[in-house]
*Asks:* 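Here you go, one structure.
Naming: A, B, ... by sequence-line order, numbering from 1 per chain.
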Amino acid sequence: MTEPVVTRFAPSPTGFLHIGGGRTALFNWLYARRFGGKMLLRIEDTDRERSTEPAIAAIIDGLQWLGLDWEGEPIFQFARAARHAEVARQMLAEGKAYECFATAQELTDMRELARAEKRPPRYDGRWRDRPAADIEAAHAAGLKPVIRLKAPQDGETIVEDRVQGRVVFPNKDLDDTVLLRSDGTPTYMLAVVVDDHDMDVTHIVRGDDHLTNAARQTHIYQAMGWRVPVMAHIPLIHGSDGAKLSKRHGALGVDAYRALGYLPAALRNYLVRLGWSAGDKEIFTTQEMIDAFDLPQIGRSPARFDFAKLENINGLYMRAMPVDELLAALLDTLPHLEHGTALAAKLDDGLRAKLLAAMPGLKERAKTLVELLDGARYLYADRPLALEPKAKELLDGGGRAHLIALLPRLEALGDWNASGAESVVRAYSEEIGAKLGSVAQPLRAALTGRTTSPGVFDVLETLGREESLARLRDQTKD
RNA sequence: GCGACCUUCGUCUAUCGGUUAGGACGGCUGCCUUUCACGCAGCAAAGAGGGGUUCGACUCCCCUAGGUCGCACCA
């Protein structure tokens, strides 16, 4: 029996949950699910200057919207500062760490000198082996030291990464990491290691921007005699031009994807295939993802974010979704959609029924909820309808005559439904020897104000007799 | 500057020394059709460059180029 898998998602609340973070969370979540373990959420808020409450709320909201849950309450790293300091002091007592009184100015000079000599900027270890007397003197002078790790100076540190492979770092390239600042607060490097250890994290899955940190953190694990968790550093997501992901590329908060009308299940499906694959399979249910997910299938090269593909997958999900569920998803998302309030304000049982009736025709024509909402506008537009320019042209260019001719025939229609309306319109167009399109298009223009919509006969049916005829009369007047 | 990592169609990817290098998105044709979509059928499109190793390299090794990340008392 192996120990249970514990993964964690550990965002710093200095901004919103962006798309790369969302994917990292998804991978952690999937891995935990796959192996019957759990995912923890840790908010890395030790940077008091930049951490904000709204960011914390946005991250939690983003994860929930994406459908990714975590075990227990979120752990706030800052709240554990005393424990982190305790570990630093323990390392100091054990000689695994030392006090360093180098001033900010000294450190800056050190870096500039290194740069001038074309060496990598690195702390030179000037307090590493100072006699006790020097340290006492510095204390006596009222100086506040940082605690630095006494990292190995020779040999190499090996990170056995499950995605990147065996990565070797010469120890001479890694300097003595600061563990505790001079004000007594822990650094990220210390806090992460202590927390991952205390939380019994077995697998660390994070962006490969942390790969070199992994070597430094390995030193801390070794100094404490703790077992190093399995590491998996996944490549970052890039923008469509291969450069760093920017706003323009999709480096938006996940809440922005909700506002753009993407379904969480579709976004998950898109994200899981960015950097991970299982043969040629493209579409996965959540369960299929869980069953197929594992670390070896994660690629080592960065992927570019592609809105077109996301849109395609979202369209696939929308079309596959039962109409009542899709409608529910649309209505739930209304507060987040740009023109959502217009529909929300008019929503009643009648409109709800019309939306549901129109949904089969609507969902074939939309790739996002935004497009779905837009496509549904004719259902609740106020009379007389504002006509789009092309729709107006259609009526002015001879279409109105057809409406005038059709109006009495439609008024005479017994049962008001799509097939009945179709017979009437077809009979008329045959009578006058016109193509069906030449009659159907003006009809559509008058009924929806547009030149594209679901099938006109379906439009007539869902709109109902009164509304349909009224809209036609509106357009025959002038 | 130093270090690490990456490099298959425009994009996401399959391939785990032997394939006509496959799939998906996007693009283009066509079919369907009352519009727009959907759907269906088809077409074009790739191993960064150069050296090795091998009977045989997309696959292994080296170099070059390009890209990304990292090098804080930030996380």
*Asks:* Thinking salt bridges, do A:Asp175 and A:Arg216 make one under a 4.0 Å N-O criterion?
*Replies:* yes

*Asks:* Which residues pass the ring pair (Phe, Tyr, Trp, His ring centres under 6.0 Å) test with A:Phe9, sequence neighbours left out?
*Replies:* none

*Asks:* When we call it a touch if two heavy atoms are under 4.0 Å apart, what does A:Gly361 touch: a base, just sugar-phosphate, or nothing?
*Replies:* nothing

*Asks:* Could you check A:Met189 against A:Gln164 and say which one's nearest nucleotide on RNA chain B is further toward the 5' end?
*Replies:*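 Whichever sits nearer the 5' end wins; that is A:Gln164.
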
*Asks:* Starting at atom CZ of A:Arg268, determine the distance to atom P of B:rC12, rounded to an integer number of angstrom.
*Replies:* 23 Å

*Asks:* By salt bridge (Lys or Arg N to Asp or Glu O under 4.0 Å), which residues pair with A:Arg273, not counting sequence neighbours?
*Replies:*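 Only A:Glu282 meet the salt bridge (Lys or Arg N to Asp or Glu O under 4.0 Å) criterion with A:Arg273.
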
*Asks:* Rounding to the closest angstrom, what is the interatomic distance between B:rA24 and B:rG3 at atom C1'?
*Replies:*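 After rounding to an integer number of Å, I get 37 Å for this pair.
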
*Asks:* Counting only Watson-Crick pairs (N1-N3 plus N6-O4 or O6-N4) and G-U wobbles (N1-O2, O6-N3), all under 3.5 Å, who is the partner of B:rU20?
*Replies:*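 Partner of B:rU20: none found under 3.5 Å.
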
*Asks:* So does A:Arg365 reach the base of B:rC36 with its side chain, donor to acceptor, closer than 3.5 Å?
*Replies:* yes

*Asks:* To the nearest 0.5 Å, how far apart are CD1 in A:Ile56 and CG in A:Leu17?
*Replies:* 13.0 Å

*Asks:* CG of A:Leu447 versus P of B:rU35: gap in Å, rounded?
*Replies:*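 After rounding, the gap between these two atoms is 16 Å.
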
*Asks:* Can a salt bridge be assigned to the pair A:Glu99 and A:Arg130 using a cut-off of 4.0 Å between side-chain N and carboxylate O?
*Replies:* no

*Asks:* Counting neighbours of CG on A:Asp154 that are heavy atoms of other residues, nucleotides or ligands and sit closer than 6.0 Å, is the number greater than 12?
*Replies:*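 Incorrect, the count does not exceed 12.
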
*Asks:* Distance between the C1' atoms of B:rU19 and B:rU8, in whole angstroms?
*Replies:*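 Nearest-Å result for B:rU19 against B:rU8 at atom C1': 14 Å.
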
*Asks:* Would A:Arg80 pass as a cation-pi partner of A:Phe78, given that its NZ or CZ must be under 6.0 Å from the six-membered ring centre and within 45 degrees of the axis?
*Replies:* no

*Asks:* Given the C1' atoms of B:rA57 and B:rU15, what is the spacing between them in whole Å?
*Replies:*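 Per the computed distance, 13 Å lies between those C1' atoms.
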
*Asks:* Using the C1' atom in both, what is the distance from B:rA37 to B:rC32, to the nearest Å?
*Replies:*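 Going atom to atom, C1' in each nucleotide, I get 12 Å.
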
*Asks:* Take the protein atom NE2 of A:His84 and the nucleotide atom C1' of B:rA75, then report the distance between them rounded to whole Å.
*Replies:* 13 Å

*Asks:* Applying salt bridge (Lys or Arg N to Asp or Glu O under 4.0 Å), can you list everything that pairs with A:Lys144, at least two apart in sequence or on another chain?
*Replies:*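 A:Lys144 satisfies salt bridge (Lys or Arg N to Asp or Glu O under 4.0 Å) with no residue once adjacent residues are dropped.
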
*Asks:* With P as the reference atom in both, quote the distance from B:rA4 to B:rC58 in angstrom, rounded to an integer.
*Replies:*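 Pairwise P distance, B:rA4 against B:rC58, rounds to 27 Å.
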
*Asks:* Polar-atom pairs under 3.5 Å, protein N or O versus N or O of nucleotides 71-73 of chain B: list them with distances, or write none.
*Replies:*
unit_1	atom_1	unit_2	atom_2	d
B:rC71	O2'	A:Pro121	O	3.3
B:rC73	OP1	A:Arg111	NH2	3.0
B:rC73	O2	A:Ser182	N	3.0
B:rC73	O2	A:Ser182	OG	3.0
B:rC73	N3	A:Ser182	OG	2.9
B:rC73	N4	A:Ala102	O	3.4

*Asks:* Strictly under 3.5 Å: I want the nitrogen or oxygen pairs between protein and nucleotides 32-34 of chain B, one per line.
*Replies:*
unit_1	atom_1	unit_2	atom_2	d
B:rU34	OP1	A:Arg426	NH2	3.4
B:rU34	O2	A:Arg444	NH2	2.5

*Asks:* Indicate yes or no: does A:Glu44 engage A:Arg42 in a salt bridge with an N to O separation below 4.0 Å.
*Replies:* yes

*Asks:* Protein-nucleotides 57-64 of chain B N/O pairs closer than 3.5 Å?
*Replies:*
none

*Asks:* For B:rC71, give the paired nucleotide (Watson-Crick: N1-N3 plus N6-O4 or O6-N4; G-U: N1-O2 and O6-N3; both under 3.5 Å), or none.
*Replies:*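 Result: B:rG1.
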
*Asks:* Is the distance from OP1 or OP2 of B:rU7 to the nearest side-chain N or O of A:Arg300 less than 4.0 Å?
*Replies:*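 Answer is no, no contact under 4.0 Å.
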
*Asks:* Who is the Watson-Crick or G-U wobble partner of B:rG10, with both distances under 3.5 Å?
*Replies:* B:rC25

*Asks:* Name the nucleic acid region contacted by A:Thr452, choosing base, sugar-phosphate or nothing; use a 4.0 angstrom heavy-atom cut-off, strictly under.
*Replies:* base

*Asks:* Suppose you measure atom C1' in B:rA46 against the same atom in B:rG22; what distance do you get, rounded to whole Å?
*Replies:*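 It comes out at 12 Å once rounded to the nearest Å.
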
*Asks:* Just checking A:Thr14: base, sugar-phosphate only, or nothing, at a heavy-atom cut-off of under 4.0 Å?
*Replies:* nothing

*Asks:* Are OP1 or OP2 of B:rA14 and a side-chain N or O of A:Ser277 less than 4.0 angstrom apart?
*Replies:*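 So the side chain of A:Ser277 is within the cut-off, an N or O lying under 4.0 Å from OP1 or OP2 of B:rA14.
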
*Asks:* Excluding sequence neighbours, so at least two apart, what forms ring pair (Phe, Tyr, Trp, His ring centres under 6.0 Å) with A:His84?
*Replies:*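 By the ring pair (Phe, Tyr, Trp, His ring centres under 6.0 Å) rule, A:His84 matches no residue at all.
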
*Asks:* What string of B, S and - do you get for nucleotides 18-29 of chain B 5' to 3' if you count protein non-hydrogen atoms under 4.0 Å?
*Replies:* ----BBBSS---

*Asks:* Among all residues two or more places apart in sequence or in another chain, which pass the ring pair (Phe, Tyr, Trp, His ring centres under 6.0 Å) test with A:Tyr123?
*Replies:*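 Testing A:Tyr123 for ring pair (Phe, Tyr, Trp, His ring centres under 6.0 Å), a comparison that skips the adjacent residues, returns none.
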
*Asks:* Just to be sure I understand the rule, does A:His210 reach a base, reach only the sugar-phosphate, or reach nothing, if contact means heavy atoms closer than 4.0 Å?
*Replies:*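 Since a base atom lies under 4.0 Å of A:His210, the category is base.
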
*Asks:* Which one, B:rA75, B:rC12, B:rU7, comes nearest to the side chain of A:Ser301?
*Replies:* B:rU7

*Asks:* Just checking, any donor-acceptor pair under 3.5 angstrom between side chains of A:Thr157 and A:Asn171?
*Replies:*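 Yes - a donor-acceptor pair under 3.5 Å links their side chains.
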
*Asks:* If we take the P atom in both B:rC12 and B:rC71, what is their distance in whole Å?
*Replies:*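 Their P atoms lie roughly 26 Å apart.
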
*Asks:* Rounded to whole angstroms, how far apart are CG on A:Asp209 and P on B:rA75?
*Replies:* 14 Å

*Asks:* Distance check needed: B:rA14 P versus A:Leu274 CG, whole Å only.
*Replies:*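 These atoms are roughly 12 Å apart.
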
*Asks:* Can you list the residues that meet the ring pair (Phe, Tyr, Trp, His ring centres under 6.0 Å) rule with A:His339, with sequence neighbours excluded?
*Replies:* none

*Asks:* Mind checking A:Arg319 for me? I need base, sugar-phosphate or nothing, with any heavy atom below 4.0 Å counting as a touch.
*Replies:*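 It contacts sugar-phosphate atoms only.
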
*Asks:* Going by purine N1 to pyrimidine N3 plus the second Watson-Crick contact, or the G-U wobble pair, all under 3.5 Å, which nucleotide sits opposite B:rA48?
*Replies:* B:rU64

*Asks:* Applying ring pair (Phe, Tyr, Trp, His ring centres under 6.0 Å) as the test, list every pair that has at least one member in residues 150-189 of chain A; sequence neighbours left out.
*Replies:*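 Qualifying pairs, neighbours excluded: A:Tyr188-A:His210.
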
*Asks:* If I take atom CG in residue A:Leu236 and atom C1' in nucleotide B:rG67, what distance separates them, rounded to the nearest angstrom?
*Replies:*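 After rounding, the reported distance stands at 13 Å.
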
*Asks:* Looking just at side-chain N and O atoms, do A:His203 and A:Tyr31 make a donor-acceptor pair shorter than 3.5 Å?
*Replies:*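 Side-chain D/A pair, A:His203 to A:Tyr31: present.
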
*Asks:* Quickly work out the A:Leu174 CG to B:rA4 C1' distance and round it to whole Å.
*Replies:*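 The answer, rounded to whole Å, is 11 Å.
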
*Asks:* Starting at OH of A:Tyr378 and ending at P of B:rA37, how long is that distance when rounded to a whole Å?
*Replies:*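 So the OH-P distance, A:Tyr378 to B:rA37, works out to 17 Å.
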
*Asks:* Between B:rC36 and B:rG47, how many Å separate the two P atoms, rounded to a whole number?
*Replies:*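 Between the two P atoms, the distance is 38 Å.
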
*Asks:* Can you list everything that forms a salt bridge (Lys or Arg N to Asp or Glu O under 4.0 Å) with A:Asp294? Sequence neighbours excluded, please.
*Replies:*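 Once residues adjacent in sequence are excluded, A:Asp294 has no partner under the salt bridge (Lys or Arg N to Asp or Glu O under 4.0 Å) criterion.
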
*Asks:* Would you call the rings of A:Tyr428 and A:His402 parallel, tilted or perpendicular, where under 30° means parallel and over 60° means perpendicular?
*Replies:*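 The arrangement is perpendicular - the two ring planes meet at more than 60°.
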
*Asks:* May I ask which nucleotide in the shown strands pairs with B:rU33, Watson-Crick or G-U wobble, both distances under 3.5 Å?
*Replies:*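 Its partner: none found.
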
